Number of protein chains: 2
Amino acid sequence: MKRPLLKIGELANLANVSQDTLRFYEKHGLMRPSARSEAGYRLYSAQDLQRIRFILSAKEVGFTLKEIEELLALEVTRDEKSCQDVKSLVDEKLATVTQRIHELQRIKKSLQSLSDACCGGDEPATHCTILEALSDHDAGSSLVGGKHHDLIK
Amino acid sequence: MKRPLLKIGELANLANVSQDTLRFYEKHGLMRPSARSEAGYRLYSAQDLQRIRFILSAKEVGFTLKEIEELLALEVTRDEKSCQDVKSLVDEKLATVTQRIHELQRIKKSLQSLSDACCGGDEPATHCTILEALSDHDAGSSLVGGKHHDLIK
DNA sequence: GTTGACTCTGGACCCCACTCCAAGGTTTAT
DNA sequence: ATAAACCTTGGAGTGGGGTCCAGAGTCAAC
């Protein structure tokens with residue numbers, strides 16, 4: 001028994017996204033419906049639902065549609081040839097992701113110290129702004145941002 | 001002894017951003033130079049450098065300029081009135097940040113399993129795509145995305 | 001067999017976040 | 001004192017990521 005396919009409106013509701021957006025993603029190659037009805041209606045499977053959810057959450061954390069497309073296109077094959085290519089792309093993305101997690105954790109920490117300092121905190125306003133909270137946590141550790149900073153030209 | 005102020009080109013190089021972008025951010029209220037020279041040149045302090053770096057890293061992890069402006073505008077004051085407002089905004093952002101960290105960690109895990117499965121892995125291609133890797137990790141745990149899913153209308 | 005809710009395609013339009021001039025003033029090096 | 005390298009403002013243009021029609025076909029219920 002295979003489960004019924006979803007029409008675009010149904011998928012849109014489940015994924016909390018507009019129908020237009022689904023068609024837009026399709027036009028740009030991020031996802032296509034598993035099937036079409038006789039009349040040409042798009043029909044989506046459970047995998048499609050999973051896929052759109054992935055797209056949305058990757059977008060949430062700062063990936064562009066192009067990057068998401070790359071992520072979705074990744075395929076580990078037995079083919080020795082493509083293997084290195086895939087691995088290097090994956091490792092590159094992995095580095096990006098790790099980096100972003102660190103950045104978010106820094107932000108989280110300082111938001112937390114702001115939240116704590118706020119009302120009810122006995123110490124009256126230790127850090128007053130997010131930047132002060134940040135530089136305080138950073139004291140003595142790695143710098144904000146930094147990057148490889150290859151001066152242009 | 002106070003340290004010298006930076007001209008826009010110098011700040012731009014240090015922060016790895018274009019001068020146009022700095023002026024753009026200024027126009028939109030995200031940052032203004034600490035001073036202006038007699039001739040009207042923008043002059044930036046070390047704090048300004050810290051600020052632009054924060055802006056860039058917040059952007060990296062998916063915040064819009066509007067949200068970043070809100071973050072930067074947060075101020076914990078002794079004023080009992082504003083306190084609750086600030087705290088609720090901070091806590092809201094905190095939730096967003098935490099959520100994003102989780103999403104990134106999920107992505108990270110599946111990238112890792114892809115990377116491991118890739119070349120040199122003895123098991124020939126356990127998970128072949130990122131979606132398969134994801135659904136595998138998720139088996140039995142919380143769903144992908146989900147949200148409160150209040151159907152529109 | 002008509003109403004109402006759904007879907008289709010195609011194209012116009014919109015906002016955000018830059019990016020790129022043009023025309024001119026300033027600073028520094030020679 | 002003049003060129004090269006900087007800076008200024010203002011405004012136009014661009015690309016990404018949607019969003020919103022219009023006009024037409026489909027489907028279920030009455």
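Chain identifiers are assigned alphabetically (A, B, ...) following the order of the sequence lines, protein sequences preceding nucleic acid strands; residue numbering begins at 1 within each chain. Keep in mind the model is a prediction, meaning the values are calculated, not measured.
- With rounding to whole Å, R32(B) atom CZ is found 14 Å from dT9(D) atom P.
- Between Q19(B) atom CD and dC20(C) atom C1' there is a gap of 13 Å when expressed in whole angstrom units.
- Nucleotide dA28(D) holds its P atom 13 Å from the CD atom of E38(A), rounded to whole Å.
- Nucleotide dC6(C) holds its P atom 16 Å from the CG atom of L43(A), rounded to whole Å.
- Contacts of S37(A) with the nucleic acid, taken as non-hydrogen atoms under 4.0 Å apart, are absent.
- Of the two residues near DNA chain C, R23(B) and A39(B), the one whose nearest nucleotide lies more 5' is R23(B).
- By the 6.0 Å and 45° rule, R51(B) does not stack over the aromatic ring of Y44(B).
- A straight line from CZ of F63(B) to C1' of dA17(C) spans 17 Å, rounded to a whole angstrom.
- Y25(A) contributes no side-chain N or O that forms a donor-acceptor pair with the base of dG17(D) under 3.5 Å.
- As rounded to whole Å, 10 Å separates atom P of dC7(D) from atom CG of L11(B).
- Note that CZ of R100(A) is 9.0 Å distant from CD1 of I107(B), once rounded to the nearest 0.5 Å.
- Taking OG1 of T21(B) as the reference point, atom CD of E26(B) lies at 12.5 Å (rounded to 0.5 Å).
- Residues passing the salt bridge (charged side-chain N to carboxylate O under 4.0 Å, His left out) test with K93(B), sequence neighbours excluded: E70(B).
- Summarising the geometry, the separation between NZ on K27(A) and C1' on dG10(C) is reported as 8 Å, rounded to the nearest angstrom.
- Between E26(B) and K59(A), it is E26(B) whose nearest contact on DNA chain D lies nearer the 5' terminus.
- Residue contacts shown for K66(B) are absent, as no nucleic acid heavy atom lies under 4.0 Å away.
- Comparing dC20(C), dC8(C), dT19(D) by their closest approach to the side chain of D20(B) singles out dC20(C).
- More than 12 heavy atoms of other residues, nucleotides or ligands sit less than 6.0 Å from atom CZ of R36(B).
- Remark: C1' of dG25(C) and CD1 of I8(B) are 16 Å apart, rounded to the nearest angstrom.
- Nucleotides of DNA chain C nearest to Y41(B) and F24(B) differ in position, and the one nearer the 5' end is that of F24(B).
- Taking only side-chain nitrogens and oxygens, T21(B) comes nearer than 4.0 Å to OP1 or OP2 of dT19(C).
- The residue among R42(B) and L65(A) whose nearest nucleotide of DNA chain D is located toward the 5' end is R42(B).
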